[in-house]
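Written out below as structure tokens is the structure these notes cover.
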2 protein chains.
Amino acid sequence: MTHLDSLLEGVSGRRLRLARGQIIYDEGEPSGLMYRLESGCVRLQVNGENGDRQIIAFLFPGELFGFCLDQRNTSAEAVSDVEVTRFMTRMVLERSVARPDVVIELINRSSALYGVLAHHVEKITHLPSHERLIWFFNWLLRHAGGDGDASGVIELPMNYRDIADFLSLKPETLSRALKQLEDTGYLARRGQRTVVLRQPSVTLPLRPGDQLVAQADSPPG
Amino acid sequence: MTHLDSLLEGVSGRRLRLARGQIIYDEGEPSGLMYRLESGCVRLQVNGENGDRQIIAFLFPGELFGFCLDQRNTSAEAVSDVEVTRFMTRMVLERSVARPDVVIELINRSSALYGVLAHHVEKITHLPSHERLIWFFNWLLRHAGGDGDASGVIELPMNYRDIADFLSLKPETLSRALKQLEDTGYLARRGQRTVVLRQPSVTLPLRPGDQLVAQADSPPG
DNA sequence: CGATCAATTGAAATCGTTCAACTGACGTGG
DNA sequence: CCACGTCAGTTGAACGATTTCAATTGATCG
């Protein structure tokens, strides 16, 4: 992660502020510019024909995106107010001739992104709604977790609709799944932008009727 | 596509034959080798915890895969008997220092793969079963289409289970969807490894009761 | 403080899944 | 060359998770 950050320092980049909701680039546009996210959260997405939207990835500070030489194959939008540094892809490549490690780092990041997406697909196609959520929150905890994993406190930079479109659920389903997880004690909500995981990184064996917190205080029978 | 093929000629590669079903590499393994597919069909996949499997991509002759420097983030398996040329990733990279266009081509291919997967996700999460199939067949026609698109004839290198796992359907659902498409006249089957699309690249507005072939020969009313 | 958009809740409908049984294709060995 | 076993694909019926539609509550920002 830190490798490339220093390397790109040698490439002239322009620092930009973008407001929440702003489109950074749109699918089909010619490429040429790439970005490093400095603060905030960005989403990559595919906009379907019927107004459907699939969010492919949430990006967090330190991550690079838009590294591509022909047409944009996804759209990028600001989830929150963000700061990015914008580079000309051409210049990054020129620099990489002198510094092979830049190429290596770019490749590593590309294949990492691919792997994340691959697993994302596997999860959203094979897990029921509430397990998708648990998986998502644990993933957030590991990635966006500035606070440290142990506490289980997650500040959500995105709204529920974004989460729904990331997990391929309807907002109503997300809402119900959240409630169920809250009721069963897997998580607690503080406002609707903060979630507290009770058991971070648990692979939950949740079946209808199971109760997590109940163990202590619900009388048997 | 042809760009890189000539470039890799300069890198020593070993030609291999692999039998159908053989694992080329497995998720979690250290990387170091990359491949060009010469003949046959390869699948990239993620194997879920419950024995579930999500096929991420089908690859066809000319395509590169396994371009990655740390751990494998997906598995690769031979869908049919295949021939591949195996390269040491390190040597490809060394070559790329002298030839910047190699880097560019590798980047293009990586981002193309990412885009394909992104759209794949969008489709399998937003389309009903029979439209996924139509989309898949049209996609096959464009990619594996050695015959030329116009005829609509598709030789399937993979079995129905592979297709089901690619489209995130159960075999039963796939079977039923296929039958429905056959009945409504969108496609015909010759054996179970050949499919003929009646209207290649149609965005079908199929609703229960609609008939495609009926227009010409079914009397009104 | 009101307007607007996001999130919640309920009830009904739908599509895909599940389970189970059956059919068909294919390859092996007699 | 045929019989058999095995595995892939098919079909039916019941089930269930998610979606849909509709109405309500709740947040957020001028």
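The figures here come from the full heavy-atom set of this structure, side chains too, leaving out hydrogens, waters and symmetry mates. Quick caveat, the model's predicted, so the values are computed rather than measured. Per chain, numbering begins at 1; letters A, B, ... match sequence-line order.
To the nearest angstrom, P of C:dT18 lies 12 Å from CG of B:L169. When rounded to the nearest whole Å, the span between CZ of B:R20 and P of C:dC26 equals 11 Å. For the pair B:N50 CG and C:dT18 P, the computed distance is 11 Å after rounding to whole Å. Protein atom NZ of B:K170 is 14 Å distant from nucleotide atom P of D:dA17, rounded to whole Å. The separation between A:L156 atom CG and D:dA27 atom P is 16 Å, rounded to whole Å. The distance between atom NE2 of A:H130 and atom C1' of D:dG16, rounded to the nearest whole Å, is 13 Å. For A:I163 and C:dA6, the CD1 to C1' distance is 12 Å, given to the nearest whole Å. Atom pair B:L133:CG and C:dG16:C1' shows a separation of 13 Å (rounding to whole Å applied).
At a cut-off of 3.5 Å, with distance as the only test, a side-chain donor of B:Q45 or B:N47 sits close to an acceptor on the other residue.
Look at A:E27 and A:R72 and you find no salt bridge, because none of the NZ, NE, NH1 or NH2 atoms lies under 4.0 Å from a carboxylate O. Using a cut-off of 4.0 Å between Lys/Arg side-chain N and Asp/Glu carboxylate O, B:R17 and B:E83 are scored as salt-bridged. Using a cut-off of 4.0 Å between Lys/Arg side-chain N and Asp/Glu carboxylate O, A:R189 and A:E182 are scored as salt-bridged.
Of the candidates C:dG16, D:dT18, C:dT17, D:dT18 carries the atom nearest the A:S129 side chain, counting heavy atoms from C-beta on.
Partner of B:D162 under the salt bridge (Lys or Arg N to Asp or Glu O under 4.0 Å) criterion, chosen from B:R53, B:R193, B:R20: B:R53. Checked options A:C68, A:S110, A:S31; the residue passing with B:S111 is A:C68 (criterion: side-chain contact (heavy atoms from CB on, under 4.5 Å)). Screening B:F136, B:W135, B:W139 for a side-chain contact (heavy atoms from CB on, under 4.5 Å) involving B:K123 leaves a single residue, B:W135.
Aromatic rings of A:H120 and A:F166 (six-membered ring for Trp) have centroids within the 6.0 Å cut-off, being under it.
Pairing analysis of DNA chain D (Watson-Crick: purine N1 to pyrimidine N3 plus N6-O4 or O6-N4; G-U wobble: N1-O2 and O6-N3; both under 3.5 Å) yields stems of 3 or more pairs at C:1-30 with D:1-30.
In this structure, the side chains of B:Y35 and B:Y25 come closer than 4.5 Å at one or more pairs of heavy atoms.
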## Note on the structure
With B for base contact, S for sugar-phosphate-only contact and - for none (protein heavy atoms under 4.0 Å), nucleotides 5-15 of chain D reads ----SSBBB--
